[in-house]
Amino acid sequence: MKKMRSLIIPGVDKQLLVKDATKLMPDLSRRRFIASGASFGALTLLTGCNVSDSLSADNLLTHISKFNDMVQAKIFNPNVLAPTYSEKDVRRPFPFNGFYSEDEAPQIDGNDWKLEVSGLVDNTKSWTLAELHKLPEVSQITRHICVEGWSAIGSWQGTPLRDFLKLIGADTNAKWVYFRCAEDYSSSLDMPTALHAQTQMTFKFDNQILPQSLGFPMKIRVPTKLGFKNPKYVTSLEVTNDYKGGYWEDQGYNDFSGS
Ligand SMILES: Nc1nc2c(c(=O)[nH]1)N[C@H]1C(S)=C(S)[C@@H](COP(=O)(O)O)O[C@H]1N2
Ligand SMILES: [Mo]
């Protein structure tokens with residue numbers, strides 16, 4: 001298994017690592033962890049690592065790194081399908097999240113918008129929304145998990161990213177698919193994740209055109225990755241061998257974040 005860095009911004013108080021580990025836990029583990037006092041003892045219980053008698057910061061880092069490995073392996077295994085849920089599990093309205101408040105979210109005119117395509121692809125033609133809406137539609141009901149400590153089940157419709165990559169003649173041996181967004185947001189997806197069966201170019205939530213809050217006109221839904229690797233308001237896609245990071249990736253969040 002790949003070694004994890006902690007999912008916090010470097011230089012942050014080491015005590016906050018425990019808090020951060022809490023945020024990464026699946027709902028049930030988190031509830032148990034919090035119920036038992038969110039202590040090192042409880043962390044030991046859940047992780048199977050004895051952190052209580054090795055409280056030096058470095059040891060703690062190592063233990064939480066192991067803990068992240070465990071959580072990520074369990075809930076974000078890239079080689080298997082993410083769990084799917086039923087209609088009745090869908091959160092309505094679905095929570096908004098961004099690095100700004102909801103009323104500051106990009107407002108995009110779908111008639112002007114185009115998806116730019118660049119990099120290692122045969123066809124760099126831009127795509128209008130009308131063209132993209134004609135692509136075959138699939139649906140998924142999956143859980144979105146944000147490192148900030150919340151998760152919610154959503155229903156997303158769109159076209160599998162891997163089919164689109166095939167359509168544009170992308171070099172699928174390239175390392176990354178890099179997405180830019182209408183605001184100052186971007187994110188990099190490793191190619192195996194971009195080709196994962198559930199990774200979706202998403203145009204609808206709950207069978208309705210995406211509302212502005214959820215990323216109109218297009219987001220990338222990646223149920224095998226953490227929320228920040230699900231870019232909304234996408235404006236361009238680039239297939240590349242150069243790692244270009246992303247908004248949160250550049251601030252020290254693990255690129256791995258999920259797999
Ligand atoms: N363009 C853009 N995409 C983004 C973000 C953002 O701020 N801007 N935030 C990310 C984070 S951290 C999360 S948790 C999800 C939130 O998606 P939602 O608003 O549909 O819940 O979007 C991700 N994609
Ligand atoms: Mo997030």
Side-chain angles (χ1 to χ4, degrees), residues 1-10 68-69 72-73 75-82 98-99 106 113-127 132 135 138 140 142 144-147 156 158-203 215 217-259:
M1 202 182 301
K2 198 161 156 182
K3 184 99 176 69
M4 305 291 297
R5 283 188 288 126
S6 74
L7 276 157
I8 60 157
I9 297 161
N68 281 343
D69 274 352
Q72 306 252 348
I75 61 174
F76 292 116
N77 187 332
N79 302 313
V80 301
L81 294 179
F99 62 93
W113 178 90
K114 272 188 179 157
L115 175 69
E116 310 283 340
V117 172
S118 65
L120 304 170
V121 299
D122 291 338
N123 191 345
T124 55
K125 150 196 150 54
S126 301
W127 290 67
L132 290 170
L135 296 173
V138 295
Q140 66 170 270
T142 49
H144 170 111
I145 301 176
C146 173
V147 265
W156 289 276
T159 212
L161 179 62
R162 66 178 179 189
D163 293 351
F164 184 74
L165 290 173
K166 218 172 283 168
L167 201 59
I168 62 175
D171 175 3
T172 52
N173 292 315
K175 291 206 175 86
W176 303 99
V177 182
Y178 175 64
F179 296 97
R180 282 183 195 280
C181 305
E183 3 78 300
D184 199 14
Y185 199 87
S186 61
S187 191
S188 295
L189 274 190
D190 60 279
M191 187 60 78
T193 302
L195 297 174
H196 186 276
Q198 289 168 307
T199 300
Q200 189 190 83
M201 288 170 97
T202 300
F203 306 108
M218 185 179 100
K219 71 171 274 168
I220 306 295
R221 174 66 191 134
V222 191
T224 53
K225 292 281 181 188
L226 288 169
F228 79 87
K229 290 217 161 259
N230 289 239
K232 304 186 288 184
Y233 320 104
V234 172
T235 53
S236 78
L237 171 166
E238 179 178 349
V239 177
T240 174
N241 278 315
D242 304 325
Y243 178 61
K244 309 212 167 168
Y247 182 86
W248 287 113
E249 288 90 337
D250 296 349
Q251 296 181 55
Y253 278 74
N254 195 319
D255 175 71
F256 210 29
S257 289
S259 48

Considering all heavy atoms of both residues, which atom of [X] and which atom of [Y] are nearest to each other, and what is their separation?
X	Y	answer
Gly245	Tyr178	O-CE1, 3.6 Å
Phe203	Gly158	CD1-CA, 4.0 Å
Thr124	Val121	CG2-CG2, 3.6 Å
Gln200	Val138	NE2-O, 3.4 Å
Trp156	Thr142	CZ3-O, 3.3 Å
Leu165	Val239	CD2-CG2, 4.2 Å

Heavy atoms, side chains only, cut-off 4.5 Å: are [X] and [Y] in contact?
X	Y	answer
Thr202	Asn230	no
Ser186	Lys244	no
Glu238	Glu116	no

Worked check of side chain to side chain contact (heavy atoms under 4.5 Å, CB included) between Leu132 and Leu115: CA-CA 9 Å; Leu132 290 170; Leu115 175 69; 4.1 Å; yes
Say you draw a straight line from [atom1] of [X] to [atom2] of [Y]; how long is it, rounded to the nearest 0.5 Å?
X	Y	atom1	atom2	answer
Ile168	Trp127	CD1	CH2	8.0 Å
Leu189	Ile220	CG	CD1	7.5 Å
Leu161	Leu237	CG	CG	6.5 Å
Leu120	Asp171	CG	CG	5.5 Å

Worked verdict on Val117 versus Asn123 for side chain to side chain contact (heavy atoms under 4.5 Å, CB included): CA-CA 8 Å; Val117 172; Asn123 191 345; over 6 Å; no
Backbone N/O of [Y] and side chain of [X]: donor-acceptor pair under 3.5 Å:
X	Y	result
His196	Arg162	no
Lys229	Ser188	yes
Thr235	Arg180	yes
Gln198	Ala82	yes
Thr199	Val222	no
Asn241	Lys175	yes

Test side chain to side chain contact (heavy atoms under 4.5 Å, CB included) applied to Met191 and Asn173, step by step: CA-CA 8 Å; Met191 187 60 78; Asn173 292 315; over 6 Å; no
Intermediate values then yes/no, side chain to side chain contact (heavy atoms under 4.5 Å, CB included), Glu183 and Tyr247: CA-CA 10 Å; Glu183 3 78 300; Tyr247 182 86; over 6 Å; no
Trace of the salt bridge (charged side-chain N to carboxylate O under 4.0 Å, His left out) decision for Lys225 with Asp190: CA-CA 11 Å; Lys225 292 281 181 188; Asp190 60 279; 3.4 Å; yes
Tyr243 and Trp176 aromatic ring geometry - parallel, tilted or perpendicular at 30°/60° bounds: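 Answer is tilted, since the angle falls between 30° and 60°.
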Residues that Lys114 engages under salt bridge (charged side-chain N to carboxylate O under 4.0 Å, His left out), provided they are two or more places apart: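 Salt bridge (charged side-chain N to carboxylate O under 4.0 Å, His left out) list for Lys114, sorted by chain: empty.
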Sub-6.0 Å ring centroid separation between Tyr233 and Tyr185: no
